[in-house]
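Heads up: the structure comes next, in C-alpha cells.
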Amino acid sequence: MSGIELGFPIWVRATHWFNVLFMTLLIRSGIAILAGHPMLYWNQDCRPGSEWLKLSRKQMPKDRLWTSTDEEVGYPSWLALPGGHSLGLGRYWHFAAVHGWIYATAIYVVLMLAIPPQWRRLIPSSWTIIPDAWRDFVAYLTFHLPPAGTTANPDHPYNALQKLTYFAVIYLLTPLQLMTGVAMSPTIESRFPWYPRLFGNRQAARSIHFLGMVGFVGYLAIHVLMVVLHGFGKEMNKMVMGHEDAGWWGAGIGLAILGAIALIHVAGNLASNSAPRLVHNLLSPLVDPPRRTLLHRPIAVADYPESEISNYFRVNGYPPIAKYPAENGGDETYERLRLGGFADYRLEISGLVETSLSLSMDDLRAMPRHQQITMHNCIQGWTAVGKWAGVRLSDLLDHCKPTPEARYLVFQSYQSHEKSGVRYYECIDLVQARLPQTILAYAMNDVPLPVEHGAPLRLRIEPKLGFKMVKYLRSIEVVADYRDIGQGMGGVREDHQQFDMGAET
Ligand SMILES: Nc1nc2c(c(=O)[nH]1)N[C@H]1C(S)=C(S)[C@@H](COP(=O)(O)O)O[C@H]1N2
Ligand SMILES: [Mo]
C-alpha cells in the first residue's frame, strides 16, 4: 500500500501549543481545587477514614467538633494555580482554561475529520496497528527508537504506538475528563442523579477525574521524554516549522513558546495572590455567562431513596456558641435563643415587600411542610445525602409579597464567616427562591435541625453548592440588587474567597 503524506499542517501545530497552555493550566488549577478537600472516595458519603487517597497530613481532633474548612490544605504555588488556600480562584482558572481547551481540541478534531485524508492521523484504519504498536513498545523497552510509519501507512508521521497513544488521549481521556467534570456539578447532579452514577457515584466521578489528571501528567512526561529521545531539534522543527529539516529554528521558537507559557503561569500565580479580586473580575466574564446560560435554570430536583441517606454528614461553619472562638462565630443572642429552646427566635423578612414578617418557629411549623432527600455538594468536594424538612420559601414570599423591583434575597446568619470574621450572608435570585424545592429547613433526617447543621433554621437550595445554604438563619432581606451588599459579589464566600455567585458547578 502506498503511503499517505499527512505532514504537520499549521492547525496541528497551533492547536498543539494552545493545548500545552490549557492542559498545564488545567492540571495546576485542578491541584488547587483538590487542596480544598484533599481526600478521594469511591462512596458518596465521604465518611472520614473511608477515603482511598488522602493527600494531606492533617489529623482532625477526635474530642471536639471540626469542620471541612479545617481539612483544607494549601499546596505550594509552584505546584498549584494559585496555590495556598485559594479554592475560589483555582476554580476560576480551571473553568477559564477548560473553555480554551475545549475550543482548541474541537478545532483540532473537526479539521482532522474535515480535511481528507487527515482523519488517518489518529484513527486506525487497520488491525495491523496492534502488532505494530507492540513491536514499537518492545523497541522502546530494549532502548531502540522505532521509526515513524505503520504497516498500513509507511509514510505516517507517527509510529503505531504513538498514534494509538494520541488516539487514546484525544478520543478517550479527553471526553472522560469532560464527562466526569460535568458530573461534579450540583445542578446536574440534582436534576439528573443518574448522570454521576454512570461513573459509579458522584465521588467516584471525582476520583476518576483525578486519575484522568494523573493520566495526563504521565502522558505529558513520556511525551516530553520521547521528544528528547527522538531528537529535540528535529521534533521541534516538526511541531514548530512543519518540516523535518535540520536547523535550530524550531527548537528556538519552541522554547520561546514554552517560556511564554511559563510566564502566563507565573503571572497567574502572582496576580491571584496579590490581587485576587482583580483576577476574579477578569476571569468572571469568561466563565460565568456561559455557565449561567447552561445551568442557571429553574429545575426540578430529584429525590434520593431513603436507603441512601448518609449516616455521616460533614459540618462546615462552626455553631455561633460561646465555646467556639469568636472568629468561628460565637454570638450572644444566638446562645440565649438556643438555651431557650429557640422559643424567642424570630425570622425577620423585610425589604422590598408589601408586608414585613416576623415568624416564630411555631409559626413556621404551622405552615405546609415540605420534605426532600437530596445530595449536598460542598464546593470543597465532599458530598452527603440528607433528608430535609421545612417550609417552602415561595409560601413565605406569597405572604410578604415582594414588590415589582425585588430581584434578590439576602440571607443573614447569626454566625460569622471563619476566614474574615464577617457575618455570614449569601444572596440568591427570586426565581431560584421561588422553586418548589427551595426551602427553609427546620428538620434534618427526621429530627429538629441539629446545632452543627444550622439550628433552628437554614436555607436548602439543592441545585447550588453548599456555601449558598446559610445556616443559623437570622433574617431575609428582599432587595433589587446584591451589588451594594457586603463587598458586592453576592455573598460572604464570594466576597472573601472568590467563590462564584452562581454556585452551579
Ligand atoms: N452560617 C453559615 N452557613 C453556612 C456555612 C457557614 O460557614 N456559616 N457554610 C456553608 C457551607 S460551605 C456548607 S458546605 C454548608 C455545610 O452545611 P453543614 O454544616 O450542615 O454540613 O453550609 C453552608 N452554610
Ligand atoms: Mo462548602
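We use all heavy atoms of the structure for the numbers below, so side chains are in, but hydrogens, waters and symmetry mates are not. Counting convention: from 1, in listed order, for ligands and their atoms alike.
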Tell me every residue that passes side-chain contact (heavy atoms from CB on, under 4.5 Å) with R493, counting only those two or more places apart in sequence or in another chain. N316, H417, E418, Y424, E426, F467, Q497, F499
Mutual orientation of the aromatic rings belonging to Y318 and Y324 [parallel < 30°, tilted 30-60°, perpendicular > 60°]: tilted
Can you tell me how the ring of H376 sits relative to the ring of W382, calling it parallel under 30°, perpendicular over 60° and tilted otherwise? parallel
Decide whether T383 and Q44 meet the rule of one side-chain donor and one side-chain acceptor closer than 3.5 Å. no
Could you tell me whether R407 and D481 have a side-chain N and a carboxylate O separated by less than 4.0 Å? no
Can K387 and D446 be counted as an ion pair, charged N to O under 4.0 angstrom? yes
First-shell residues of ligand 1 [heavy atom, distance under 4.0 Å]: F313, R314, V315, N316, G317, H376, C378, W382, S413, Q415, E418, Y424, E452, H453, R458, G466, F467, M469, V470, K471, Y472, R493
